[in-house]
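Index from 1, following the sequence. All of these numbers come straight from a predicted model, not from anything done at the bench.
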Amino acid sequence: VVLPKPCLALRVACVGHISVPMDSAPHVAAARCVFEALSDSLRKLAERRRLGDGYQDETRLIALTSLAAGADLLLAEAARAVNAILHVALPFSPEEFALDFDGEAAALEKHNELRGLAERTFVHDGRRGDDGNPTDKIMRNRAYQENGRTLVRHCDLLVAIWNGKEAAGVGGTAEQVEQAVRLGIP
């Protein structure tokens, strides 16, 4: 029996604040620089062949993202610019998630476009809720928290556009960065 050779892959979780505009020039430039460097490094590692003939020639740079408005979309675009593969995790159904793009038609359109290009999409069974009661807000935040945990638990590297402040609530960027640090994920 001949086993198939595994592919050398790097899984990068992309997280950040929704308040970052998708077209923020400094953030776009930095994100592109990061993903170009990651893509280059992965390619060079494969070319060195120090890993032996145990791997396929192909390498895979995989961007894990929820494609939320703001920094998530910006990072996903930068990843796609270097032909990274998208794996999407959503906290609840795409229809419910779309409600969080209220008033941001361009961001929702970009989300749908990129989700359509994703190799894989995982949808949590979280609940968004929308009747304004406190239980709905707790359930929604927990869904985002679990989604963020999924991204961090499945990555080799975390790339975050984060303001450096402590978490203001449950399920946000700061919490994902803190989890990565606790798990020793760079």
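- Listed by chain and number, the residues in a side-chain hydrogen bond (donor to acceptor under 3.5 Å, both in side chains) with D40 are R43 (sequence neighbours excluded).
- Not counting sequence neighbours, the partners of F92 by the ring-ring contact (aromatic ring centres under 6.0 Å, His included) test are Y144.
- In this view, S66 and D72 satisfy the side-chain hydrogen bond (donor to acceptor under 3.5 Å, both in side chains) rule, not counting sequence neighbours.
- With sequence neighbours left out, the ring-ring contact (aromatic ring centres under 6.0 Å, His included) criterion links H27 to no other residue.
- Under the salt bridge (Lys or Arg N to Asp or Glu O under 4.0 Å) criterion, no residue pair touches residues 78-93, with sequence neighbours excluded.
- The side-chain hydrogen bond (donor to acceptor under 3.5 Å, both in side chains) check on R32 picks up nothing, with sequence neighbours excluded.
- Residues passing the salt bridge (Lys or Arg N to Asp or Glu O under 4.0 Å) test with R11 are D156, sequence neighbours excluded.
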request  = Take E146 and R153 through the test salt bridge (Lys or Arg N to Asp or Glu O under 4.0 Å) and record every step on the way to the result.
outcome  = CA-CA 10 Å; E146 187 56 35; R153 282 192 308 256; 2.9 Å; yes

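- When the salt bridge (Lys or Arg N to Asp or Glu O under 4.0 Å) test is applied to E77, the partners found at least two apart in sequence or on another chain are K110.
- Residue pairs that meet the salt bridge (Lys or Arg N to Asp or Glu O under 4.0 Å) test with at least one member in residues 115-126, sequence neighbours left out, are R60-E119.
- Evaluation of the side-chain hydrogen bond (donor to acceptor under 3.5 Å, both in side chains) rule for Q145 yields E175 as partners, not counting sequence neighbours.
- Residue pairs meeting the ring pair (Phe, Tyr, Trp, His ring centres under 6.0 Å) criterion with at least one partner in residues 167-186, sequence neighbours excluded, are absent.
- By the salt bridge (Lys or Arg N to Asp or Glu O under 4.0 Å) test, D23 is found to be paired with no residue, residues two or more places apart in sequence or in another chain being considered.
- Between H87 and F122, a ring centre-to-centre spacing not shorter than 6.0 Å is recorded.
- Residues L64 and L157 do not share a hydrophobic cluster, clusters being chains of Ile/Leu/Val/Met/Phe/Trp/Tyr side chains in contact below 4.5 Å.
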